[in-house]
Amino acid sequence: VERVLSYLRLDSASTDYLLQDCGLDEILRGAVRKLAKMFILKKITLDFRETGKTVLTDGKWLGFVVEQALSNALKYTPEGGTIRVYGDGDTVVIADDGIGIRPEDLPRVFEKGFTGFNGREDKKSTGIGLYLCRQICGQLGHTIHAASEPGRGTIITIGLARPYLEVE
């Protein structure tokens, strides 16, 4: 339901983007907190490394993107796996050791409605989550990229560099 509401709000003229300096660790911890129950139920280890960074973004919408990436990692990581969340320069990395994405599906994972092989097998995928992430990142001036190898996991990288904006 939250994803559908976000989808509906995304193109609205009244979308409430508020760009300001935000503590990145606070945003990351908030997303992890929302999904803590799933980490526990699936016995998935979280390797969270604080970034100590402040970024110019909309904390609510970036939180949505991080939460969606984490949700996918949890969905496709088997019990006992590990999900890592860390900063790398001007990026946030969410990496899992899950089932991975087939090479032929990887270029399309951010397309609206695309579920790929894993989504069809799993039957829990709507094909809207990563599409929303790409749209939101575009609105915020961020980037999002996926790299994956079947059987070895997926890495989602969110680029946060914003050299051309200033806080108002």
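The model shown is predicted, which means the values in this text are computed figures rather than measured ones.
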Distance from [X] atom [atom1] to [Y] atom [atom2], nearest 0.5 Å?
{"X": "L70", "Y": "E67", "atom1": "CG", "atom2": "CD", "value": "8.0 Å"}
{"X": "R102", "Y": "R108", "atom1": "CZ", "atom2": "CZ", "value": "14.0 Å"}
{"X": "T154", "Y": "I83", "atom1": "OG1", "atom2": "CD1", "value": "10.5 Å"}
{"X": "I27", "Y": "T54", "atom1": "CD1", "atom2": "OG1", "value": "9.5 Å"}
{"X": "I128", "Y": "T115", "atom1": "CD1", "atom2": "OG1", "value": "12.0 Å"}
{"X": "T157", "Y": "D88", "atom1": "OG1", "atom2": "CG", "value": "8.0 Å"}

Group every Ile, Leu, Val, Met, Phe, Trp and Tyr by side-chain heavy-atom contacts under 4.5 Å, then state whether [X] and [Y] land in the same group.
{"X": "L24", "Y": "L46", "value": "yes"}
{"X": "L35", "Y": "I155", "value": "no"}
{"X": "Y86", "Y": "L74", "value": "no"}
{"X": "L18", "Y": "V55", "value": "no"}
{"X": "V85", "Y": "F39", "value": "yes"}

For a 4.5 angstrom cut-off between non-hydrogen side-chain atoms, does [X] reach [Y]?
{"X": "V92", "Y": "T51", "answer": "no"}
{"X": "I158", "Y": "L62", "answer": "yes"}
{"X": "Y17", "Y": "Q139", "answer": "yes"}
{"X": "R84", "Y": "T82", "answer": "yes"}
{"X": "I101", "Y": "Y76", "answer": "no"}

What are the two closest non-hydrogen atoms of [X] and [Y], and how far apart are they?
{"X": "K43", "Y": "E79", "answer": "CD-OE2, 3.8 Å"}
{"X": "C137", "Y": "V65", "answer": "SG-CG1, 4.0 Å"}
{"X": "D58", "Y": "K60", "answer": "OD1-N, 3.0 Å"}
{"X": "G98", "Y": "P78", "answer": "CA-CD, 3.8 Å"}
{"X": "A31", "Y": "G63", "answer": "CB-O, 4.2 Å"}
{"X": "G59", "Y": "C22", "answer": "N-SG, 3.7 Å"}

Exam field: side chain K53 to backbone T91, donor-acceptor pair closer than 3.5 Å: no
Pair Q68-L132, side chain to side chain contact (heavy atoms under 4.5 Å, CB included): steps then yes or no: CA-CA 9 Å; Q68 179 60 49; L132 287 173; over 6 Å; no
Test log, rule side chain to side chain contact (heavy atoms under 4.5 Å, CB included), inputs E50 and F48: CA-CA 6 Å; E50 294 205 1; F48 175 76; 3.6 Å; yes
Sole candidate of D97, T45, N72, I99 that passes side-chain contact (heavy atoms from CB on, under 4.5 Å) when paired with T77: D97
E111 and R134 ion-paired at < 4.0 Å: no
Set of residues satisfying side-chain hydrogen bond (donor to acceptor under 3.5 Å, both in side chains) with respect to D47, sequence neighbours excluded: R49
